[in-house]
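See structure below.
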Amino acid sequence: MDEQPEPVQEPAPESGGGLDRRAELSEFLRTRRARLKPEDVGLPDFGRRRVPGLRREELAQLAGVSVAYYTRLEQGNGNNVSAEVLDAIARALRLSDAEHAHLTHLAKPKQHKKKPVARSQQVRPTLRHLLDSIDSVPAYIVGRRSDVLAWNRMAAALFGDWAELPPAERNWARLVFLRPDYRDLFVEWDQKAKDMVGYLRMDAGCHPDDPQLSALVGELSVKSEDFRRLWAAHDVKEKSYGVKRMRHPLVGELTLSFETFRLVDDAEQSLITYHAEPGAPSAEALRLLASWGTDATRSGARASTPSE
């Protein structure tokens with residue numbers, strides 16, 4: 001028999017115009033529970049269910065907590081929950097490491113020192129010099145909310161000259177969801193979009209009181225149906241490494257490996273690099289882009305625009 005959920009109290013809004021942490025915690029747990037089937041966790045399935053996924057009582061049983069306790073947590077009340085209980089719930093939900101960290105951030109937020117709301121993100125001059133010295137590999141630095149903070153000439157040749165954009169638009173989420181040329185640039189755009197939302201979700205878990213992040217999510221939700229759909233899934237992902245296929249208007253398709261290096265002195269900033277396998281066609285394509293420099297995207301844009 002399905003458990004009868006306790007009446008859900010509307011969480012109090014977070015101060016400062018940020019995202020509602022309690023609502024985020026509630027929806028995250030609901031979506032993680034909904035994706036599991038009884039057979040996934042070794043439980044018998046006794047027929048048709050009114051809603052997909054495990055019942056609360058089944059999840060509570062797997063985690064070794066009472067149904068009432070888990071219900072309160074799923075309603076967004078993470079006060080006084082222990083790390084041991086969160087670990088047990090994470091195991092029961094089969095959470096990834098990134099999802100486990102996200103759950104912890106939502107249920108037991110760290111107390112951050114008060115910082116100015118409009119605090120700008122600064123890149124150390126030595127890091128800018130490092131980017132300038134890397135002349136054969138596209139590289140850039142991203143900060144909070146996936147804002148693009150600094151980049152080298154090769155990154156401009158590959159992704160477009162971000163210097164031509166207003167600072168507020170130098171943001172990967174805006175680029176991916178609001179710029180048609182970026183939809184064309186990434187061969188597997190759907191996966192890129194999903195990854196992008198996962199990064200923002202992780203950021204939201206760490207900084208739910210960030211009004212700029214809340215405003216970004218609101219803007220993208222209004223302007224992009226794809227973003228609304230992916231945001232509602234509550235999937236999270238850490239920036240790491242992998243392979244991206246791109247279709248550049250000048251040099252055609254490239255298959256590039258990317259690496260993420262989180263800065264030791266500022267965990268909110270990461271250095272991202274792209275490189276091709278030595279001797280591969282993509283390596284030659286990068287060499288050609290390097291010869292074009294920041295003119296590559298402009299020339300490519302002209303080449304891909306039909307003449308009148």
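- Side chains of Asp184 and Pro249 form no contact here, defined as non-hydrogen atoms less than 4.5 Å apart.
- Contact annotation: the side chain of Leu165 never approaches that of Val148 to less than 4.5 Å [non-hydrogen atoms, C-beta and beyond].
- In terms of modelled atom types and a separation under 3.5 Å, the side chain of Lys108 and the main chain of Val81 share a donor-acceptor contact.
- Rounded to the nearest 0.5 Å, atoms SG (Cys206) and CD (Glu268) are 8.5 Å apart.
- The NE2 atom of His234 sits 8.5 Å away from atom OG of Ser26, with the distance rounded to the nearest 0.5 Å.
- Of the possible polar contacts, none joining the Ser224 side chain to the Leu220 backbone as a donor-acceptor pair under 3.5 Å is found.
- Hydrophobic cluster membership differs between Tyr274 and Val187, with clusters built from Ile, Leu, Val, Met, Phe, Trp and Tyr side chains linked at under 4.5 angstrom.
- In plain terms, the two heavy atoms of Asn171 and Ala168 that are nearest each other are CB-O, 4.3 Å.
- Side-chain atoms of Arg30 and Arg56, non-hydrogen and from C-beta on, do get closer than 4.5 Å to each other.
- For the ring-ring contact (aromatic ring centres under 6.0 Å, His included) with Phe177, the lone residue among Tyr182, Trp172, Phe227, Phe186 that qualifies is Phe227.
- Open room surrounds CD on Glu277; 12 or fewer heavy atoms of other groups in view lie less than 6.0 Å from it.
- Arg145 places no side-chain N or O within 3.5 Å of a backbone atom of Leu213 that could act as its donor or acceptor partner.
- Using a 4.5 Å heavy-atom threshold, the side chains of Leu131 and Leu271 count as touching.
- Annotation: Tyr140 is in aromatic contact with Trp162 [ring centroid separation under 6.0 Å].
- Arg262 contributes no side-chain N or O that, together with a main-chain N or O of Ser270, makes up a donor-acceptor pair within less than 3.5 Å.
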Side chain to side chain contact (heavy atoms under 4.5 Å, CB included) evaluation trace for Glu74 with Leu59: CA-CA 11 Å; Glu74 195 175 277; Leu59 198 285; over 6 Å; no

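- At most 12 heavy atoms of other shown residues, nucleotides or ligands fall within 6.0 angstrom of atom CG in Asn80.
- Phe28 and Val85 fall within the same hydrophobic cluster, defined by Ile, Leu, Val, Met, Phe, Trp and Tyr side-chain heavy atoms under 4.5 Å apart, directly or through other members.
- Side-chain contact between Glu58 and Leu62 is absent, with no heavy-atom pair separated by less than 4.5 Å.
- Tracing side-chain contacts under 4.5 Å through hydrophobic residues (I, L, V, M, F, W, Y), one never reaches Ile134 starting from Ile272; they form parts of separate clusters.
- In this view, Arg32 and Glu99, Asp235 satisfy the salt bridge (charged side-chain N to carboxylate O under 4.0 Å, His left out) rule, not counting sequence neighbours.
- Although no hydrogens or angles enter the test, the distance criterion places a donor-acceptor pair under 3.5 Å between the side chain of Arg21 and the main chain of Leu106.
- Between the side chain of Arg201 and the main chain of Trp231, a donor-acceptor pair closer than 3.5 Å is present.
- At least one donor-acceptor pair under 3.5 Å links the side chain of Trp189 to the backbone N or O of Val176.
- In this structure, the separation between CZ on Arg247 and CZ on Arg183 is 13.0 Å, given to the nearest 0.5 Å.
- Ion pairing between a basic and an acidic side chain is recognised when a charged N comes within 4.0 Å of a carboxylate O; Arg124 and Asp266 show no such pairing.
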Stepwise side chain to side chain contact (heavy atoms under 4.5 Å, CB included) check, Leu158 with Leu289: CA-CA 7 Å; Leu158 180 62; Leu289 282 178; 4.0 Å; yes

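- Formation of a donor-acceptor pair under 3.5 Å by the Glu169 side chain with backbone atoms of Pro166 is not found in this model.
- A donor-acceptor pair is defined here as one N or O able to donate and one able to accept, closer than 3.5 Å; no such pair exists between the side chain of Gln269 and the backbone of Ile141.
- How far CG of Asp20 is from CG of Leu25: 10.0 Å, rounded to the nearest 0.5 Å.
- In Lys192, the NZ atom is crowded: over 12 heavy atoms of neighbouring residues, nucleotides or ligands sit closer than 6.0 Å.
- When the side chains of ILVMFWY residues are joined at heavy-atom separations under 4.5 Å, either directly or via intervening members, Val197 and Leu175 end up in a single hydrophobic cluster.
- In this structure, the separation between CG on Leu256 and CZ on Arg245 is 11.5 Å, given to the nearest 0.5 Å.
- Note that CG of Asp226 is 13.5 Å distant from NZ of Lys194, once rounded to the nearest 0.5 Å.
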Evaluation steps, side chain to side chain contact (heavy atoms under 4.5 Å, CB included), between Leu93 and Leu29: CA-CA 9 Å; Leu93 289 170; Leu29 287 172; 3.7 Å; yes

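- With hydrogens and angles disregarded, a donor-acceptor distance shorter than 3.5 Å links the side chain of Asp210 to the backbone of Gln212.
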Criterion side chain to side chain contact (heavy atoms under 4.5 Å, CB included) on Leu178 and Glu219, from CA distance to verdict: CA-CA 10 Å; Leu178 303 182; Glu219 176 190 353; 3.9 Å; yes

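- Atom OH of Tyr241 is surrounded by 12 or fewer heavy atoms from other residues, nucleotides or ligands within 6.0 Å.
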